[in-house]
Amino acid sequence: MSRICIFIAFAVLALAVLTQVLGRSVGSSPVWTEELTRFALIYLAALGAGFGLMTGDLVNVDIVCDFLPGEFPRYFRIASSILTAILAIALLPGAWKFFQIGGLQISPALGLQMTFAHFAILAMMGLLLAFAVLRTMMDILKLDYRSVAGGSE
């Protein structure tokens, strides 16, 4: 499901940018394309963060872990996932307040209530928390999360 949502956000981003570029070549691009591009990019990052954590595709310090003996790399992954979960928990209340503030604003070009854009931050914290907990459990149980998520690590 995460891959489908990420694909949709990427497709919307690509179509909005294409519309913007084609519009500029014939005169002026529609005003709403810039805002839609921004929203799609925000959702792409928000949806991809948790999935990237699960697949191991986020920026990582592999050079340190690769030289550690035995189980130490796994312990570092567990610690990293636990710290990520703690950070997500700490940021969830602020993300909720940010989401609520969006109800007071409307985007200028698309006319959407900004809760649409602000929800991406709340979703990112929730997904990071869920994927961090899942990755922690799979590392503790010595299950290969990369094959489950289809990652490249």
Side-chain angles (χ1 to χ4, degrees), residues 1-20 32-107 109-110 112-153:
M1 184 64 167
S2 289
R3 286 177 186 238
I4 293 169
C5 292
I6 292 167
F7 175 78
I8 290 169
F10 186 76
V12 169
L13 175 68
L15 289 173
V17 169
L18 181 64
T19 303
Q20 197 172 43
W32 54 268
T33 56
E34 181 182 344
E35 198 168 273
L36 184 60
T37 300
R38 190 175 304 120
F39 289 165
L41 189 59
I42 290 169
Y43 268 91
L44 187 61
L47 295 169
F51 191 70
L53 174 70
M54 189 64 189
T55 61
D57 290 330
L58 288 180
V59 173
N60 203 353
V61 188
D62 290 334
I63 195 163
V64 174
C65 289
D66 288 345
F67 288 109
L68 294 174
E71 292 287 308
F72 284 111
R74 187 171 72 92
Y75 297 148
F76 274 113
R77 284 193 306 272
I78 291 170
S80 174
S81 295
I82 290 170
L83 289 172
T84 300
I86 291 169
L87 179 65
I89 289 169
L91 292 175
L92 268 171
W96 176 252
K97 287 180 185 176
F98 186 62
F99 170 70
Q100 289 177 317
I101 289 170
L104 306 172
Q105 303 168 337
I106 298 208
S107 67
L110 291 172
L112 294 173
Q113 198 169 25
M114 287 301 289
T115 52
F116 173 74
H118 292 196
F119 177 74
I121 305 305
L122 184 62
M124 179 169 48
M125 292 304 110
L127 289 171
L128 269 176
L129 175 59
F131 280 121
V133 168
L134 182 60
R135 183 172 171 164
T136 301
M137 296 308 298
M138 292 183 84
D139 266 330
I140 288 171
L141 298 172
K142 296 183 180 182
L143 299 173
D144 188 12
Y145 51 85
R146 293 172 299 244
S147 64
V148 172
S152 62
E153 187 179 295

Output the distance between atom [atom1] ([X]) and atom [atom2] ([Y]), rounded to the nearest 0.5 Å.
{"X": "L92", "Y": "L87", "atom1": "CG", "atom2": "CG", "answer": "10.0 Å"}
{"X": "M125", "Y": "I89", "atom1": "CE", "atom2": "CD1", "answer": "12.0 Å"}
{"X": "L91", "Y": "L122", "atom1": "CG", "atom2": "CG", "answer": "11.5 Å"}
{"X": "I8", "Y": "L44", "atom1": "CD1", "atom2": "CG", "answer": "12.0 Å"}
{"X": "M54", "Y": "L127", "atom1": "CE", "atom2": "CG", "answer": "12.5 Å"}

Can you see which heavy atom on [X] is nearest to which on [Y], and at what distance?
{"X": "G48", "Y": "I6", "value": "CA-CD1, 3.8 Å"}
{"X": "L53", "Y": "F131", "value": "CD2-C, 4.1 Å"}
{"X": "P73", "Y": "P69", "value": "CD-O, 3.9 Å"}
{"X": "A40", "Y": "A9", "value": "CB-O, 3.7 Å"}
{"X": "G103", "Y": "Q113", "value": "O-NE2, 3.0 Å"}
{"X": "E35", "Y": "L110", "value": "OE2-N, 2.9 Å"}

[X] side chain vs [Y] backbone, donor-acceptor pair below 3.5 Å:
{"X": "T136", "Y": "A132", "value": "yes"}
{"X": "S107", "Y": "L112", "value": "yes"}
{"X": "Q105", "Y": "M114", "value": "no"}
{"X": "R77", "Y": "D139", "value": "no"}

Sorted by chain and number, sequence neighbours left out, ring-ring contact (aromatic ring centres under 6.0 Å, His included) with F99 holds for W96, F119
What residues, two or more places apart in sequence or in another chain, satisfy ring-ring contact (aromatic ring centres under 6.0 Å, His included) together with F116?
F39, Y43
Candidate list T37, L36, T33, test side chain to side chain contact (heavy atoms under 4.5 Å, CB included), partner T19, passing option
T33
Decide yes or no for M124 and L128: does some side-chain heavy atom of the first lie under 4.5 Å from some side-chain heavy atom of the second?
yes
Please tell me if the side chains of I82 and V133 come closer than 4.5 Å, counting only heavy atoms from C-beta onward.
no
